[in-house]
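What follows is a single structure, written as structure tokens, with notes after it.
Since the model is a prediction, treat every value here as computed from it, not as a measurement. Worth knowing before you read on, the calculation uses all heavy atoms, side chains too, and leaves out hydrogens, waters and symmetry mates. When a ligand or atom number is given, it counts from 1 through the structure's own listing order.
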Amino acid sequence: MGNRDAELVEKILGLKKRKDAVILAHNYQLGEVQDIADFVGDSLELSQSAAKTDAAVILFCGVHFMAETASILCPDKVVLLPDMHAGCPMANMITAERLWEKKREHPRAVVVCYINSSAEVKAESDICCTSANAVELIESLDAQEILFVPDQYLGHYVSTKTGKKMILWPGFCPTHARIQPERIKKLKQEYPHAKAVVHPECRPEVITLADEVLSTGGMCRYAKRDEVREMIVGTEIGIIHRLRKENPDKKFIPVSEQAICPNMKLITLDKVLWSLEEMESEVKVPESIRLRAKVAVDKMLAIGGK
Ligand code: SF4
């Protein structure tokens, strides 16, 4: 770490204490941002952390829908996002109005929304899920029709695992769409003993090549197993920092160096410091939307996940 970064970190940690803030960071954040966080995890783990923190301020190092989820769960806390432009292109592929129209076409469908969606979309949904609990959650639904939004690939994966017929919204993650099956095939030849682990946001032709399909939290736990010595990692490359840090004697091979989410990388140490100094930018979900969205999020938290 350079002198400047060390200085920034010291200031952030001092301010964090003074303002009674907790710093939550997603597994895709820059390494130096992960390193100053109180907790690093996937969307489900971060929501669980937000729900149980005693801190007055939650500084969210992630993208907008994650800060919104924290606001849905903790209306009395100040939720800060260090860069308001950190959105999720997949979440932006659906709006509450368009979902509402689709629901009119399928009035009996149970609506399941991936956590990568706006608070308004969650408010229009029956239940929320993350990649860590989508299979378990959909398996448990007693529904003739399931409308799944907005990730068509996660939805497709879940339908193959559960055998449930699902109506899929045509959204996708542009970062995971860059992960190519040919690269996995090549890496499997190069590293014949490596386990290929991919995120369920990947395309079906990538998923069929994987030994395991896991959320990022699931990947971190899987990497700790004794039998895993080398791992081919099919998700956003930010996770490689954490995997290497927690398992210094193991080898982690990213499927693609291009699998970078530019929005996740908008959060920097400078912006984290600015955010704590200015108490900006606050993410607050209006109460009328929050209460409806919370019903869907609470059901997700009750299921938990792996
Ligand atoms: S990695 Fe994909 S799904 Fe995750 S925030 Fe970035 S664009 Fe959205």
Side-chain angles (χ1 to χ4, degrees), residues 24-31 33-34 37 40-47 50 60-71 79 81-95 112-122 125 128-134 148-158 168-180 197-204 206-207 213-220 233-243 254-268 271 283 297 300 305:
L24 305 182
H26 191 269
N27 289 321
Y28 297 158
Q29 288 290 293
L30 292 169
V33 172
Q34 293 187 28
V40 183
D42 62 19
S43 300
L44 177 63
E45 294 162 342
L46 294 173
S47 311
F60 220 110
C61 301
V63 291
H64 192 263
F65 75 81
M66 297 177 178
E68 271 192 339
T69 308
S71 168
V79 179
L81 183 64
D83 189 326
M84 273 308 217
H85 296 105
C88 167
M90 183 211 285
N92 295 340
M93 289 177 189
I94 186 167
T95 60
V112 181
C113 71
Y114 189 22
I115 194 163
N116 297 37
S117 53
S118 67
E120 286 89 343
V121 166
K122 289 184 176 78
S125 302
C128 184
C129 72
T130 73
S131 53
N133 61 16
F148 188 84
V149 301
D151 186 2
Q152 60 180 309
Y153 297 137
L154 174 62
H156 177 268
Y157 169 68
V158 172
L168 305 177
W169 191 268
F172 65 94
C173 164
T175 299
H176 284 87
R178 272 183 225 128
I179 294 174
Q180 302 288 340
V197 182
V198 308
H199 194 276
E201 284 173 21
C202 290
R203 288 177 291 139
V206 169
I207 286 184
V213 182
L214 295 168
S215 65
T216 56
M219 287 183 192
C220 292
V233 185
T235 191
E236 209 274 350
I237 58 164
I239 197 175
I240 300 288
H241 173 80
R242 179 170 167 197
L243 290 170
V255 176
S256 170
E257 298 283 352
Q258 310 306 315
I260 299 173
C261 175
N263 294 280
M264 285 281 180
K265 305 309 187 227
L266 285 174
I267 312 294
T268 60
K271 289 181 191 167
V283 174
V297 175
M300 169 190 87

First locate atom CD of Glu68, then atom SG of Cys88, and finally report the distance between them rounded to the nearest 0.5 Å.
11.5 Å
Could you tell me which atoms of ligand 1, counted from 1 in the order shown, lie closer than 4.0 angstrom to a heavy atom of Asn116?
3 (S)
Any luck finding a side-chain donor-acceptor pair between Tyr157 and Ser131 under 3.5 Å?
no
Non-hydrogen atoms of His26 versus ligand 1: any pair closer than 4.0 Å?
no
Report the C-alpha separation of Tyr28 and Thr235 in whole Å, then their side-chain angles, then the decisive distance to 0.1 Å, and conclude whether the side-chain hydrogen bond (donor to acceptor under 3.5 Å, both in side chains) test is met.
CA-CA 9 Å; Tyr28 297 158; Thr235 191; 2.6 Å; yes
Any N/O/S atom, side chain or main chain, of Cys261 closer to atom 8 (Fe) of ligand 1 than 2.8 Å?
no
Below 4.0 angstrom from a heavy atom of Pro89, which ligand 1 atoms are there? Numbered from 1 as shown, please.
7 (S)
Here the gap from Met66 atom CE to Ser71 atom OG, rounded to the nearest 0.5 Å, amounts to 15.0 Å
If you look at every heavy atom in Phe65 and Ile115, which pair is closest and at what distance?
CD1-O, 3.0 Å
Note: ligand 1 atoms sitting under 4.0 Å from heavy atoms of Cys173 are 1 (S), 2 (Fe), 3 (S), 7 (S)
Given Pro174, Ala259, Cys88, which one has a non-hydrogen atom that is nearest to atom 8 (Fe) of ligand 1?
Cys88
